[in-house]
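Residue numbers count from 1 along this sequence. Predicted model, so just to flag it, every value in this text is computed and none were measured. Order of listing sets the numbers, starting from 1, for every ligand and every atom in it.
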Amino acid sequence: MTPAEVYTQLAAGDAARRTGFTLAKRRAVLAKLAAELRARESEIMAALAADLGKPPVEVRISEIIPILSEIRHTTKHLKRWAKPRRVWPTLSMLGTRGTIRPEPKGTVLIIAPWNYPLCLALGSLVSAIAAGNAAVIKPSELAPATSALIAQIAAAALPADLVAVVEGGVEVSTELLAQPFDHIFFTGSPAVGRVVMAAAAKTLASVTLELGGKSPVILGPGANLQKAARMVAWGKFQNAGQTCIAPDHVYVPRADQAAFTQALRAEIAKMYGATPETSRSFARLIGARHFSRLKGLLDEALAKGATLITGGEAEEAARYLAPTVLTDVPGEAALMREEIFGPVLPVIAYDALETVLAEIEAGEKPLALYLFTKDRALINRISAATTSGGVGVNVTLAHFLHLNLPFGGVGNSGLGAAHGRWGFAAFSHEKPILENRFAVLDPLMPPYTKMSARFAKAVQKLVG
Ligand SMILES: NC(=O)c1ccc[n+]([C@@H]2O[C@H](COP(=O)([O-])OP(=O)(O)OC[C@H]3O[C@@H](n4cnc5c(N)ncnc54)[C@H](O)[C@@H]3O)[C@@H](O)[C@H]2O)c1
């Protein structure tokens with residue numbers, strides 16, 4: 001089937017699903033998906049090992065657990081989220097009854113990236129189904145083993161008139177984007193996010209854009225350097241740095257720089273041993289293009305005067321780049337300009353926090369901003385003074401797993417939010433319904449007399 005035929009087939013069920021796809025049926029589909037994931041655990045591990053050399057523990061915590069907990073959380077709260085909500089009338093609307101009824105958007109498109117290829121394709125599917133939609137998933141062609149597995153999971157566990165997986169690259173994605181989907185949920189780079197939004201403008205599809213960018217880490221004065229180093233190393237080097245919310249670079253008080261980089265080196269050695277290429281805990285880069293991009297960034301930074309603190313070893317055939325820490329990276333190096341998205345961590349010494357905040361302000365709005373401090377006033381100050389998709393305090397990455405917090409970017413790092421009730425809302429149209437019970441509207445209708453003028457004036461006075 002062509003992408004157009006796939007869309008047409010699913011969209012044909014939109015009207016019937018509005019009443020027929022009950023909450024009980026949605027829950028049953030989600031339960032089936034969860035069971036299928038549990039049953040295919042070893043296949044999932046194998047696919048992610050093939051695509052990314054992803055260690056099994058990372059597959060569990062960053063691919064399987066997020067989907068299963070999204071299913072659990074959604075199933076538990078679905079009734080409340082989906083329930084029509086009565087609202088109070090505002091003054092000029094006295095005598096009416098207002099209700100907000102969430103309805104499914106219809107047939108939606110989910111385009112996923114390669115870095116967390118299972119979780120980012122199926123996590124949003126959970127919200128799409130919970131909200132009562134049919135969905136087409138376009139997994140990333142750069143993670144072919146996981147893409148094929150997603151297609152098998154859908155074929156085995158999900159109704160064909162509800163979920164279709166269309167595999168392929170840019171061409172297929174472009175063809176899908178030309179179809180009049182009711183919502184497009186895109187996770188990927190800001191550059192392709194623009195392509196998606198331009199395509200959505202043609203059909204006026206609503207969009208959620210989960211994009212990327214440079215997520216900074218700030219160490220406050222007096223931060224616990226060892227704890228910060230451990231948390232930053234975990235967040236940065238998980239999945240070999242190929243995480244949208246990975247710490248991109250770290251700002252550290254100048255006086256703490258040496259101790260912090262020392263602590264980072266120790267934590268990296270503790271996590272991955274003296275030779276990380278033999279470690280079973282360290283993932284691989286997705287492919288040759290990505291490898292040479294990162295190697296190029298690293299070489300350029302070193303050529304421009306950066307100091308290598310640890311790492312730097314690279315082996316193209318194995319798609320391996322060691323956990324690497326640099327200092328003294330000049331601001332004009334590409335490493336400091338583009339999203340790194342790999343295991344290279346620049347550490348930047350600062351003298352005044354103001355300059356750090358000004359530097360962050362001058363760049364694109366980050367997807368995440370991380371702060372290490374115990375100082376409540378500093379937490380409040382930086383949270384208020386900066387803008388980012390989310391903020392992590394004394395933690396990295398974990399806000400992705402907290403389903404009572406919205407997950408998303410702002411500006412260049414994204415549009416809209418996912419997870420929990422925000423995911424449900426992204427795939428729903430919140431339809432207002434206004435019922436007239438005894439609202440006094442007659443005096444406001446033509447012909448406009450002195451009486452209606454007086455009445456309109458009285459209403460105006462009433463509302464302010
Ligand atoms: N905010 C988030 O939740 C999140 C999560 C993971 C990754 N990301 C971001 O994703 C990026 C890395 O992922 P990627 O390299 O897979 O992103 P990408 O934008 O290259 O690709 C994402 C998807 O879009 C498709 N695509 C690529 N080019 C296209 C085009 N011209 N037209 C239509 N479709 C196209 C791909 O086939 C893939 O399925 C990073 O910027 C990262 O920060 C964001």
Side-chain angles (χ1 to χ4, degrees), residues 3 51-52 62-63 66-67 70 109-124 127 136-144 146-147 150-151 165-179 181 184-200 202 205 207-215 235-236 238-248 285-291 293-294 338-342 364-369 388-390 397 399-401 405-419 422-423 426:
D51 287 334
L52 284 151
S62 65
E63 301 274 8
I67 309 173
E70 189 80 58
L109 173 62
I110 295 169
I111 301 181
W114 51 260
N115 61 334
Y116 291 87
L118 188 81
C119 168
L120 295 172
L122 298 184
S124 35
S127 301
V136 174
I137 303 174
K138 209 298 281 172
S140 173
E141 73 282 15
L142 296 181
T146 313
S147 175
I150 291 169
V165 177
V166 179
E167 291 189 82
V170 177
E171 223 168 88
V172 166
S173 201
T174 307
E175 253 183 87
L176 283 168
L177 285 169
Q179 310 310 314
F181 280 97
I184 302 169
F185 191 104
F186 172 80
T187 308
S189 59
V192 180
R194 287 183 177 85
V195 173
V196 169
M197 202 158 174
K202 296 220 173 88
V207 291
T208 303
L209 302 176
E210 298 281 350
L211 309 178
K214 292 181 84 63
S215 298
K236 178 71 181 189
Q238 177 168 152
N239 202 27
Q242 303 164 111
T243 304
C244 56
I245 46 173
D248 186 271
L285 302 179
I286 188 70
R289 196 161 54 96
H290 198 49
F291 174 90
R293 183 184 71 82
L294 281 162
E338 56 185 81
E339 179 181 5
I340 298 172
F341 217 56
E364 297 286 7
K365 294 176 183 173
L367 183 56
L369 183 146
S388 58
L397 309 189
H399 60 295
F400 184 84
L401 292 170
L405 291 172
F407 182 84
V410 56
N412 194 67
S413 56
L415 174 69
H419 294 177
W422 294 274

S.K.: If you have a sec, work out which protein heavy atom is nearest atom 13 (O) of ligand 1 and how many Å separate them, to one decimal?
M.R.: Pro113 CB, 3.5 Å
S.K.: Between Asn115 and ligand 1, does any nitrogen or oxygen pair lie at a separation below 3.5 Å?
M.R.: no
S.K.: Quick one: does Gln242's side chain get under 4.5 Å of Trp114's, heavy atoms only?
M.R.: yes
S.K.: Using a 4.0 Å heavy-atom threshold (strictly under), name the region of Leu142 that reaches ligand 1: side chain, backbone, both or neither.
M.R.: neither
S.K.: Donor-acceptor pair, distance only, cut-off 3.5 Å: does the side chain of His290 make one with the backbone of Phe341?
M.R.: yes
S.K.: Do any nitrogen or oxygen atoms of Ile111 lie less than 3.5 angstrom from nitrogen or oxygen atoms of ligand 1?
M.R.: no
S.K.: Which one holds for Thr243 and ligand 1: side chain close, backbone close, both close, or neither close, with close meaning a heavy atom under 4.0 Å?
M.R.: neither
S.K.: List the closest protein heavy-atom neighbour of atom 9 (C) of ligand 1: residue, atom name, distance to the nearest 0.1 Å.
M.R.: Gly188 O, 3.1 Å
S.K.: Distance from Ile67 atom CD1 to Ser124 atom OG, nearest 0.5 Å?
M.R.: 9.0 Å
S.K.: Assign the ring pair His399 / Phe407 to parallel, tilted or perpendicular, where the plane angle (0 to 90°) is split at 30° and 60°.
M.R.: tilted
S.K.: Can you find an N/O atom of Glu339 closer than 3.5 Å to an N/O atom of ligand 1?
M.R.: yes
S.K.: Nearest non-hydrogen contact with atom 19 (O) of ligand 1 belongs to which option: Gly213, Gly123, Pro117, Ser189?
M.R.: Ser189
S.K.: What part of Ser413, side chain, backbone, both or neither, has a heavy atom within less than 4.0 angstrom of ligand 1?
M.R.: neither
S.K.: So which protein heavy atom does atom 33 (C) of ligand 1 come closest to, and at what separation?
M.R.: Ser173 OG, 3.3 Å
S.K.: Please say whether Val170 places an N or O atom under 3.5 Å from an N or O atom belonging to ligand 1.
M.R.: no
S.K.: Using atom types as modelled and distance alone, determine if a side-chain donor or acceptor of Lys236 lies under 3.5 Å from a backbone N or O of Asp248.
M.R.: yes
S.K.: Nearest protein heavy atom to atom 1 (N) of ligand 1, by residue and atom, and its distance?
M.R.: Leu211 O, 2.7 Å
S.K.: Would you mind telling me if ligand 1 is within reach of the side chain of Phe407, the backbone, both or neither, using heavy atoms under 4.0 Å?
M.R.: side chain
S.K.: Quick one: look up the protein heavy atom nearest atom 15 (O) of ligand 1 and list residue, atom name and how far away it is.
M.R.: Trp114 NE1, 2.8 Å
S.K.: Hey, does Ser140 sit under 4.0 Å from ligand 1 if you only count heavy atoms?
M.R.: yes
S.K.: If you measure every N or O of Val195 against every N or O of ligand 1, does any of those distances drop under 3.5 Å?
M.R.: no
S.K.: Which residue and non-hydrogen atom of the protein lie closest to atom 5 (C) of ligand 1, and at what distance in Å?
M.R.: Cys244 SG, 3.0 Å
S.K.: Between Asn412 and Glu364 (side chain of the first, backbone of the second, donor and acceptor by atom type, cut-off under 3.5 Å), is there such a pair?
M.R.: no
S.K.: Please list the nearest protein heavy atom to atom 38 (C) of ligand 1 with its residue and the distance rounded to 0.1 Å.
M.R.: Ala112 O, 3.3 Å
S.K.: For ligand 1, which atoms have a heavy atom of Phe341 less than 4.0 angstrom away?
M.R.: 12 (C), 40 (C), 42 (C), 43 (O)
S.K.: Test your reading of the model: is there a side-chain donor-acceptor pair from Asn239 to the backbone of Tyr116, 3.5 Å cut-off?
M.R.: no
S.K.: With a heavy-atom distance limit of 4.0 Å, tell me whether Thr187 approaches ligand 1 through its side chain, its backbone, both, or neither.
M.R.: both
S.K.: For atom 17 (O) of ligand 1, is some protein heavy-atom partner under 4.0 Å away?
M.R.: yes
S.K.: Which residue and atom name correspond to the protein heavy atom nearest atom 35 (C) of ligand 1, and how close is it?
M.R.: Val192 CG1, 3.5 Å
S.K.: Any heavy-atom pair between the side chains of Ile340 and Leu294 that's under 4.5 Å?
M.R.: yes
S.K.: Any heavy atom of Phe186 sitting closer than 4.0 Å to ligand 1?
M.R.: yes
S.K.: Side chains of His419 and Glu70: does their closest heavy-atom pair fall under 4.5 Å?
M.R.: yes
S.K.: Could you check whether any side-chain heavy atom of Gln179 comes within less than 4.5 Å of a side-chain heavy atom of Val136, counting everything from C-beta outward?
M.R.: no
S.K.: Just jot down the ligand 1 atoms closer than 4.0 angstrom to any heavy atom of Leu367, in number order.
M.R.: 1 (N)
S.K.: Does any part of the side chain of Leu177, heavy atoms only, come nearer than 4.5 Å to the side chain of Val196, both counted from C-beta?
M.R.: yes
S.K.: To the nearest 0.5 Å, how far apart are CZ in Phe400 and SG in Cys244?
M.R.: 6.5 Å
S.K.: Heavy-atom contacts with Glu210 under 4.0 Å: which atoms of ligand 1 show up? List them by number with element.
M.R.: 1 (N), 2 (C), 3 (O), 4 (C), 44 (C)
S.K.: Check whether any side-chain N or O of Ser173 sits under 3.5 Å from a backbone N or O of Gly169 as a donor-acceptor pair, and report yes or no.
M.R.: no
S.K.: Take every heavy atom of Gly414, measure it against each atom of ligand 1, and state whether any distance is under 4.0 Å.
M.R.: no
S.K.: If you look at every heavy atom in Pro366 and Val410, which pair is closest and at what distance?
M.R.: O-CG1, 4.2 Å
S.K.: Looking at Leu120, which atoms of ligand 1 are within less than 4.0 Å of one of its heavy atoms?
M.R.: 5 (C), 6 (C)
S.K.: Under a 3.5 Å distance rule, please check whether Ser413 uses its side chain to pair with a backbone N or O of Lys365 as donor and acceptor.
M.R.: yes
S.K.: Taking C-beta and beyond as the side chain, do Val195 and Thr174 meet within less than 4.5 Å on heavy atoms?
M.R.: no
S.K.: For Glu141, counting its heavy atoms only, list the atoms of ligand 1 lying under 4.0 Å from any of them.
M.R.: 36 (C), 37 (O)
